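Each remark here refers to the structure printed beneath this line.
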Amino acid sequence: MDIRDKLNILGDAAKYDVSCSSSGSKRQSPKGGMGCGYSSGICHTWSADGRCISLLKVLFSNACKYDCAYCVNRRSNDIPRATFTPKELINLTLEFYRRNYIEGLFLSSAVIGSPDYTMELLIKVAKELRLVHHFGGYIHLKAIPGASSRLLFEAGLYADRSSVNIEIPSDKQLQYLAPEKNYASIYRPMNFLAERKLEYKADKSKYSPKFLPAGQSTQMIVGASGETDLQILTLSAGFYKQQQMKRVYFSGYVPVNADKRLPVITTKPPLLREHRLYQADWLMRFYKFEYNEILDEKNPFLDPDLDPKVMWALRHPEFFPIDLQTADYEMILRVPGIGVKSAQLIVSGRRYSKIRLQHLKKMGVVLKRAKYFIYDSDVPPELRKLYPEMIRPLLVAKPKSDQLDLFDNMPLALPATISQPVSQPTMFQPALTSSS
Amino acid sequence: MSLAIHYDSSFDGFLTAVFEIYRQHLDVSCFVAERSYETEGDAATDLFAQPFHIETSEQSAERLKRAIEKMASLDVLKLLETCFRSETAGIEMNILAYLRKLFAGLDPNYGRNPTSLEMISLITIARSVRREMDAMLGMVRFNKAPDGMYIAEIEPKYDVLEMIVGHFRGRYPNGSWAIVDVKRGLGVYYENRRTHFVTVPDPSSIAAHAPPDQFTQMWKSYYDTMAIKERINPRLLRRCLPVRYWKHLPERSLGTVSTPQLPSSVAKENAFASLRLK
Ligand code: SF4
């Protein structure tokens with residue numbers, strides 16, 4: 001089989017992994033080599049489904065000995081199989097990198113031989129890229145479930161990021177759908193890597209090489225096993241706190257196998273639900289929301305008609321409307337229609353002049369939404385009240401066409417690489433001491 | 001009589017012009033940047049204004065820069081330059097309006113206030129320029145020429161070439177490469193750890209030196225396989241990757257190469273077959 005066919009097969013087999021981020025690495029180009037990190041990550045292109053492509057994302061092999069129900073590569077599927085040699089893959093990575101197609105390599109694999117054997121192959125590729133070719137580009141290595149700690153540790157020395165996908169948001173369901181896996185086998189490597197990374201961080205005195213500078217990420221499949229949004233967000237919040245995950249990805253379930261344990265094969269991927277989950281995740285990462293503020297036992301699902309920020313605001317009329325001249329930065333952030341950049345601008349600008357509607361308009365604040373949640377000091381106190389029942393219908397997005405146009409107000413909600421709000425020009429930073 | 005200020009289209013040229021406007025008390029109605037290519041800004045020209053040419057002087061520009069730094073800050077100066085690169089209609093007049101208020105000195109905090117109406121507009125323009133610059137870091141595509149040089153053509157909306165060079169220097173410090181802005185006829189080439197900025201009179205001939213090769217083809221077919229069929233979304237694609245950039249992206253502009261039988265389609269066919277059997 002020539003390398004081109006292998007690339008197609010092993011790229012195709014890897015595409016259901018959502019993560020393609022190249023953020024978090026500040027690596028400099030090594031002496032005599034090439035390649036560097038770019039800490040907010042770089043998207044190189046977008047595939048026809050609108051997903052960012054940043055890394056060469058491939059499996060080392062798709063000849064799996066396991067049989068997870070939801071996976072194309074499971075051993076019971078009759079599909080074309082391929083396996084790279086390390087040399088082929090290294091060469092491909094370097095050539096693509098030189099042409100600026102990619103930020104680096106995202107290498108995963110089906111389990112071939114044993115988990116350790118597979119992990120060793122992945123490490124070999126990363127190690128040679130770093131030590132033989134002096135490659136400073138991004139490397140994301142999957143931790144193969146069941147691989148030994150020694151190998152996980154070694155992987156962390158060459159990779160910028162590592163990930164173990166939890167895939168199914170409940171242990172019972174996971175064991176049902178993936179008989180060879182359970183939560184223990186997934187949390188163990190996550191915790192191991194998180195602890196090693198902490199050690200490396202704490203120990204500044206000894207000469208220490210980089211260990212997973214861009215941390216870990218994981219992915220959950222949405223809509224394959226009857227889980228609630230609350231379950232999903234609770235798990236993600238835990239990952240951010242306990243395992244210091246950098247990202248948790250959601251992947252709307254795309255049926256690839258007919259399997260009585262799974263939704264029927266004609267099921268459409270739940271794109272809207274996935275989008276709302278990303279919005280909620282966004283609120284947790286950049287807007288200082290706690291997961292249990294967004295959802296609770298009584299409301300375990302996100303509102304499909306409203307973005308979660310609006311949903312939260314309407315449930316809390318007691319906080320609104322607010323006065324932009326005096327409100328805390330955290331509270332301004334919670335106003336629907338005001339983003340991180342505008343909130344920062346408001347806080348740093350209001351010391352010099354009053355913030356009026358015309359300022360907000362110019363900043364790009366979505367007044368259509370924000371206007372219900374803020375007031376001007378001229379408004380008499382008795383009129384400063386929010387009536388959720390009246391406002392809700394005004395804020396529900398009307399579908400424009402049959403194609404879901406999900407990305408009106410949150411262009412970066414997808415797992416794109418440039419997914420952190422770029423900070424304001426430095427001249428306005430000093431005012432923000434309390435906000436970062 | 002109000003004037004149309006003609007200058008050489010450089011930022012220093014513009015600053016010189018502002019300097020002269022102050023020194024000679026000129027009454028300005030618009031600026032005309034003398035460029036070899038068309039921009040949105042050309043439309044803003046006032047046909048009835050009398051042309052007045054100003055020769056670029058590094059010294060005058062430098063003096064004005066120092067004044068801006070003093071009254072506002074170095075960051076504001078940089079922001080103004082970034083805005084200037086947008087080449088949008090009337091950008092010179094916008095910057096001039098800001099500088100007028102800054103130098104009028106009526107509000108001692110003006111240079112620090114990010115929410116003055118003039119400044120907010122400039123911040124938003126600078127944001128778009130930076131956004132394109134950021135996007136461009138990912139969208140430069142090199143082809144390999146027979147002599148081993150890697151050559152890329154770009155056609156950005158804003159004049160961002162100079163802003164992206166540092167990134168590529170850091171990335172390929174030992175390589176030799178060139179990036180050409182075909183719209184503006186400007187180029188940069190890097191060889192033996194040195195960077196050279198050049199004008200490229202005939203940018204259309206560049207591509208012929210470095211045609212696509214087998215890696216370009218592999219990239220294209222890899223790109224095609226990455227899309228998940230059930231999620232294809234042309235509108236989202238256009239929003240993320242505006243059509244105006246496609247021309248210089250082989251993955252969008254090369255013809256589709258036929259792909260072999262892929263695991264995901266085979267698995268799906270099998271699945272449907274087994275459904276039918278039931
Ligand atoms: S172990 Fe991984 S590749 Fe193998 S079947 Fe399970 S999910 Fe698929």
Side-chain angles (χ1 to χ4, degrees), chain A residues 4-5 7-9 11-13 15-16 28-29 32 34-36 38 42-50 52-53 62 72-73 77-80 95-96 98-101 254 256-258 265 268-269 271 345 348-350 352-353 355 358-359 362-364 403 405 407 411 418 425-428, chain B residues 73 75-76 79 109 112-117 120-121 123-124 126 130 134 137-143 150 152 170-175 215 218-219 221-223 225-228 230-237 239-241 249 251 259-264 266-268 270-272 274-275:
Chain A
R4 202 156 141 180
D5 294 335
L7 174 61
N8 287 328
I9 290 175
D12 178 67
K15 73 181 173 195
Y16 297 99
Q28 303 256 315
S29 186
M34 68 161 172
C36 58
Y38 188 76
I42 296 178
C43 268
H44 283 259
T45 191
W46 277 264
S47 49
D49 51 11
C52 144
I53 299 181
N62 70 339
V72 221
N73 307 311
N77 275 355
D78 178 20
I79 54 165
E95 290 294 341
F96 275 17
R98 284 195 188 102
R99 289 163 173 75
N100 202 39
Y101 297 160
V254 180
V256 284
N257 301 320
I265 186 139
K268 291 247 160 43
L271 295 183
L345 215 45
S348 46
R350 67 184 179 189
Y352 303 111
S353 57
I355 306 294
Q358 50 175 345
H359 295 100
K362 285 208 164 183
M363 281 176 205
Q403 176 114 57
D405 191 21
F407 304 91
I418 323 173
T426 41
M427 61 178 145
F428 308 128
Chain B
S73 63
D75 290 309
V76 166
L79 182 115
N109 283 322
R112 257 170 291 148
N113 182 359
T115 45
S116 68
L117 287 177
I120 299 183
S121 322
I123 287 178
T124 14
R130 282 204 206 93
D134 245 357
L137 299 182
M139 290 194 296
V140 169
R141 294 283 176 275
F142 292 101
N143 278 350
Y150 287 81
R171 178 149 291 200
Y172 312 113
N174 303 302
F215 289 102
M218 279 202 269
W219 167 243
S221 62
Y222 171 75
Y223 172 82
T225 43
M226 284 325 274
I228 295 177
E230 291 81 352
R231 304 179 59 121
I232 298 262
N233 188 341
R235 250 169 86 179
L236 180 58
L237 171 65
R239 188 190 301 251
C240 298
L241 192 66
L249 300 173
E251 68 269 24
T259 43
Q261 276 280 47
L262 296 173
S264 61
V266 176
K268 200 153 280 174
N270 293 345
F272 277 116
S274 61
L275 270 185

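Worth saying up front: this structure is predicted, and the values here are computed from it rather than measured. Order of the sequence lines fixes the chain letters, A, B, ..., with proteins taken first and strands second; residue numbering starts at 1 for each chain.
Contact detail for B:Met218 and A:Leu7: the closest heavy-atom pair is O-CD2, 3.8 Å. Taking every heavy atom of both residues into account, B:Phe215 and A:Glu95 meet most closely at CZ-CG, 3.3 Å. Between A:Gln358 and B:Leu117 the shortest heavy-atom distance is OE1-CD1, 3.6 Å. Of all heavy-atom pairs spanning A:Ile9 and B:Pro263, the tightest one is CG2-CG, 3.6 Å. Closest approach of B:Met139 to A:His44, counting heavy atoms only: CG-O, 4.1 Å. For the residue pair A:Asn100 and B:Arg141, the shortest heavy atom distance occurs at O-NH1, 3.1 Å.
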One pair to check against side-chain contact (heavy atoms from CB on, under 4.5 Å): B:Thr115 and A:Tyr352. What are the steps and the verdict? CA-CA 8 Å; B:Thr115 45; A:Tyr352 303 111; 5.6 Å; no
Dump the intermediate steps for side-chain contact (heavy atoms from CB on, under 4.5 Å) on B:Ile123 and A:Lys362, then the final yes or no. CA-CA 10 Å; B:Ile123 287 178; A:Lys362 285 208 164 183; over 6 Å; no
Output, in order, the C-alpha distance, side-chain angles, deciding distance and verdict of side-chain contact (heavy atoms from CB on, under 4.5 Å) for A:Tyr38 and B:Asp134. CA-CA 11 Å; A:Tyr38 188 76; B:Asp134 245 357; 2.7 Å; yes
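Here the CG-CG distance, from B:Asn233 to A:Asp49, works out to 8.5 Å after rounding to the nearest 0.5 Å. To the nearest 0.5 Å, atoms CD1 (B:Ile120) and CG (A:Leu345) are separated by 6.0 Å. Atoms CG and OG, from B:Asn174 and A:Ser29 in turn, are 6.5 Å apart once rounded to the nearest 0.5 Å. Separation of atoms CZ (B:Arg112) and OG (A:Ser348) is listed at 12.5 Å; rounding is to 0.5 Å.
Taking the six-membered ring for Trp and thresholds of 30 and 60 degrees, A:Phe96 and B:Trp219 have ring planes more than 60 degrees apart, a perpendicular arrangement.
Formation of a donor-acceptor pair under 3.5 Å by the A:Lys15 side chain with backbone atoms of B:Thr225 is found in this model. Without hydrogens or angle criteria, A:Tyr101 side chain to B:Gly138 main chain gives no donor-acceptor distance under 3.5 Å. In this structure a side-chain-to-backbone donor-acceptor pair under 3.5 Å is present from B:Arg171 to A:Cys36.
Both the backbone and the side chain of A:Pro80 come within contact range of chain B, with heavy atoms under 4.5 Å apart. The parts of B:Glu230 that come within reach of chain A are both its backbone and its side chain, each placing non-hydrogen atoms under 4.5 angstrom from that chain. With a 4.5 Å cut-off on non-hydrogen atoms, B:Tyr150 touches chain A through its side chain but not through its backbone. Contact annotation for A:Asp78: both backbone and side-chain heavy atoms come within less than 4.5 Å of a heavy atom of chain B.
A:Asp12 and B:Ser264 form a side-chain donor-acceptor contact under 3.5 Å, judged by distance and modelled atom types alone.
Side-chain contact check for A:Leu271 versus B:Arg231: some heavy-atom pair is nearer than 4.5 Å.
When the candidates B:Asn143, B:Ile228, B:Val266 are compared by the number of heavy-atom contacts under 4.5 Å with chain A, B:Ile228 comes out ahead. Of all the listed residues (A:Gln28, A:His359, A:Arg350, A:Lys268), the one sharing the greatest number of non-hydrogen pairs under 4.5 Å with chain B is A:His359.
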